[in-house]
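Right, one structure below, let's go through it.
No experiment lies behind these values; they were computed from the predicted model shown. Note that ligands are numbered from 1 as they come in the structure, with each ligand's atoms numbered from 1 the same way.
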Amino acid sequence: GAEELTETDPTAMALGYKKDTTKVDKTKYPQHTPAQKCSGCALYTGKPGDKQGPCTAFANKIVKADGWCMAYAKKP
Ligand code: SF4
């Protein structure tokens, strides 16, 4: 199976990835809101309702549905 993205992964750190969108650093990422989650991101390819799924921004590593990073782009 695909590898889970950790918060300490260098690419994850570069994009400010957190497994919990409510834990995102507000001072570093003022554009973030807690309503923004991986499950609502265009780069997330997990199934609706699943707790995690692949993210194309991280070579399809597994991210949390409730996670977030600065590459967030709202699903159209
Ligand atoms: Fe989550 Fe989107 Fe960032 Fe991937 S690009 S980690 S789906 S917010």
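Going from atom CD of E7 over to atom CE of M13 covers 9.5 Å, rounded to the nearest 0.5 Å.
Of the charged side-chain nitrogens involved, at least one lies within less than 4.0 Å of a carboxylate oxygen, so that E4 and K19 count as a salt-bridged pair.
Of the possible polar contacts, one joining the K75 side chain to the C41 backbone as a donor-acceptor pair under 3.5 Å is found.
Protein N/O/S atoms found under 2.8 Å from atom 2 (Fe) of ligand 1: C41 SG.
Listed by chain and residue number, D66 satisfy the salt bridge (Lys or Arg N to Asp or Glu O under 4.0 Å) test with K37 (two or more places apart in sequence, or in another chain). Considering only residues two or more places apart in sequence or on other chains, K28 meets the side-chain contact (heavy atoms from CB on, under 4.5 Å) condition with D25.
Atom 6 (S) of ligand 1 has as its closest protein heavy atom F58 CE1, 3.5 Å.
Alongside Y17, the hydrophobic cluster contains L5, L15, V24, Y29, Y44, F58, V63, W68, M70, Y72 (criterion: ILVMFWY side chains under 4.5 Å).
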